[in-house]
2 protein chains.
Amino acid sequence: MPRPKTRIQLRNSETILEAALDVFSSQGFRGATLDQIAEVAGLSKPNLLYYFPSKEAIHQTLLTRLLHTWLDPLREMDPNGDPVAEIMGYVRRKLELSRNFPRESRLFAIEILQGAPRMRAAIEGELTELVAEKALVLQRWMDEGRIARLDPVHLVFSIWALTQHYADFDVQVRTVLGEGHDPYAEAGAFLETLYARLLAP
Amino acid sequence: MPRPKTRIQLRNSETILEAALDVFSSQGFRGATLDQIAEVAGLSKPNLLYYFPSKEAIHQTLLTRLLHTWLDPLREMDPNGDPVAEIMGYVRRKLELSRNFPRESRLFAIEILQGAPRMRAAIEGELTELVAEKALVLQRWMDEGRIARLDPVHLVFSIWALTQHYADFDVQVRTVLGEGHDPYAEAGAFLETLYARLLAP
DNA sequence: GCAACATCTGACCATCCGGTCAAAACCCAT
DNA sequence: ATGGGTTTTGACCGGATGGTCAGATGTTGC
């Protein structure tokens, strides 16, 4: 029952988490059922509960993993690099995250939307601290006149909002755009322009 | 049972919708229970079902109302007005909507996040048409050199993303900002700067 | 090939939840 | 005040759902 030890445990734990991500991200926590997850995973319900003690535990594991993937691109923003290039790099990485991990993005969004009942601690701690740290870097860049003067925290919010939108509101984006569009490619170009203009000192 | 006729029917229907908005927007459709809604409304569960035929029907009523509130600010964008002022006005109205109707915003977000199972038609129809119409106006403004050349649809997406973020991710925004901030006032100032810089020809 | 342990499952349980219904309580025009 | 309609409710139902458990089936080291 403890976390992965044998090959089988590792494989099945992963299968379950993969299936759970599918279901949780499209139905929310309460909307998801163990039967659904079991079916997607190709395992029996009691078998899920052999690997994880509860539905809660599966969800919690997903959220914990998520947070790291989530914050890494911001962590990588180098205080010693070129300001515009660093911020652009962050935007690009975050957009890639939306493109490659839309389910993770939606899982996160649902959690926050519902008041972050199972993630408060992480948001109050790790996330807030990281933003505070990077806001200082942004502030310094502004003070040095290397980028335009803006509220650094809201600048970060804008990046989150604009990149996550494409994963979280995917259905809407694709419907409005219609056939024959590559939303992410277009978004990349649009955001490039947007931040170039916004950041120019 | 049909929609409001007597005073009591009107009052109770409203009470129920108000309570349902509270619960649906914070728990999602499946997460919400009739018992919860009944409790918030101060009515008994069977009494809810005297006014609405089902849980679905309550939800559907909310979504239908929502769509109008939602699209109105975009409708108001005047093709004959001053381009920058009109777009800024739309941004401001949309941000006001987030501030004054965060629950509606979250209800909408949850619906789209989960693939818009109960709103597809409206999105494919009304919403897509309105965006197409306004995109033409934006395109014309660009062709006339009155605002910068951008992808007009993604410009609209950016407004949606940036304004809704403050309602949908309220918990995160407030946590990261900490005490002593007025998120919406700051967001207003930030977005003013952002769109001024982005739209300048 | 076999013991010891890991993995898996069918059957089952308690609870929750959307919805029904018959009857009670209420309201109000006459 | 009384009768007819409206509103409200307690009791109940059937199905879904998270979780349990005893035992069956597999796997592995010897």
Side-chain angles (χ1 to χ4, degrees), chain A residues 1-64 107 110-111 114 117-118, chain B residues 1-64 107 110-111 114 117-118:
Chain A
M1 296 103 123
R3 218 38 50 76
K5 275 202 305 206
T6 75
R7 303 290 146 74
I8 294 182
Q9 273 169 15
L10 197 81
R11 181 172 51 83
N12 282 351
S13 295
E14 284 313 312
T15 307
I16 292 168
L17 288 172
E18 170 68 20
L21 177 57
D22 240 56
V23 180
F24 281 136
S25 70
S26 67
Q27 318 271 349
F29 180 76
R30 285 220 47 192
T33 73
L34 286 179
D35 289 291
Q36 269 178 95
I37 298 173
E39 193 186 327
V40 174
L43 299 171
S44 70
K45 182 170 62 168
N47 207 5
L48 294 199
L49 294 162
Y50 172 72
Y51 290 100
F52 291 89
S54 66
K55 185 184 175 184
E56 271 286 341
I58 302 178
H59 193 249
Q60 196 59 58
T61 304
L62 284 174
L63 285 184
T64 306
L107 185 69
I110 291 180
E111 175 66 14
Q114 308 196 343
R118 307 157 215 273
Chain B
M1 297 100 123
R3 217 38 49 77
K5 274 203 303 203
T6 75
R7 302 291 146 73
I8 294 182
Q9 273 168 13
L10 198 81
R11 180 170 52 81
N12 281 353
S13 295
E14 283 313 310
T15 307
I16 291 168
L17 288 172
E18 170 68 20
L21 177 57
D22 239 58
V23 179
F24 282 135
S25 71
S26 67
Q27 318 271 345
F29 180 76
R30 285 219 48 190
T33 72
L34 287 178
D35 288 290
Q36 270 179 94
I37 298 173
E39 195 187 326
V40 173
L43 299 170
S44 69
K45 181 170 63 166
N47 208 5
L48 295 199
L49 294 163
Y50 172 71
Y51 289 100
F52 291 89
S54 66
K55 184 184 176 185
E56 271 286 339
I58 302 178
H59 192 249
Q60 195 60 56
T61 304
L62 284 173
L63 285 185
T64 306
L107 184 68
I110 291 181
E111 175 67 13
Q114 308 196 344
R118 306 157 216 273

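All heavy atoms count here, side chains included; hydrogens, waters and symmetry mates do not. Numbered from 1 within each chain, the chains take letters A, B, ... in sequence-line order. From a predicted model like this one, the values you see are computed outputs, not experimental measurements.
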Using 0.5 Å steps for rounding, measure from the CZ atom of A/Arg118 to the NE2 atom of A/His59.
5.5 Å
Rounded to the nearest 0.5 Å, the NZ atom of A/Lys55 sits from the OG1 atom of A/Thr33 at a distance of 7.0 Å
From the list [options], which nucleotide is the closest neighbour of the side chain of [X]?
{"X": "A/Thr33", "options": "D/dG18, D/dT7, C/dG19", "value": "D/dG18"}
{"X": "B/Pro46", "options": "C/dC21, D/dG19, C/dG19", "value": "C/dC21"}
{"X": "B/Asn12", "options": "D/dT8, C/dT9, D/dG19", "value": "D/dT8"}
{"X": "A/Tyr51", "options": "C/dG18, C/dC8, D/dG19", "value": "C/dC8"}

Please state how far atom [atom1] in [X] lies from atom [atom2] in [N], giving the value in whole angstrom units.
{"X": "A/Ile58", "N": "D/dG18", "atom1": "CD1", "atom2": "P", "result": "10 Å"}
{"X": "A/Arg11", "N": "D/dT27", "atom1": "CZ", "atom2": "P", "result": "10 Å"}
{"X": "A/Gln9", "N": "D/dG26", "atom1": "CD", "atom2": "P", "result": "19 Å"}
{"X": "A/Leu43", "N": "D/dG18", "atom1": "CG", "atom2": "C1'", "result": "17 Å"}
{"X": "B/Tyr50", "N": "C/dA24", "atom1": "OH", "atom2": "P", "result": "18 Å"}
{"X": "B/Asp35", "N": "C/dT20", "atom1": "CG", "atom2": "C1'", "result": "14 Å"}
{"X": "B/Leu34", "N": "D/dC13", "atom1": "CG", "atom2": "P", "result": "19 Å"}
{"X": "A/His59", "N": "D/dT17", "atom1": "NE2", "atom2": "P", "result": "17 Å"}

Check whether the side chain of A/Lys45 and the base of D/dG19 form a donor-acceptor pair under 3.5 Å.
yes
With sugar-phosphate meaning primed atoms plus P, OP1 and OP2, does [X] contact a base, only sugar-phosphate, or nothing at under 4.0 Å between heavy atoms?
{"X": "A/Leu49", "value": "base"}
{"X": "B/Ala32", "value": "sugar-phosphate"}
{"X": "A/Arg30", "value": "sugar-phosphate"}

Under 4.0 angstrom between A/Asn47 side-chain N/O and C/dT7 OP1 or OP2
no
With B/Ile16 as partner, the option from B/Leu21, B/Ile58, B/Val40 fulfilling side-chain contact (heavy atoms from CB on, under 4.5 Å) is B/Ile58
Are there over 12 heavy-atom neighbours, none belonging to A/Gln60, within less than 6.0 Å of that residue's CD?
yes
On a heavy-atom basis, the closest approach of A/Gln114 and B/Ser26 is CB-O, 3.5 Å
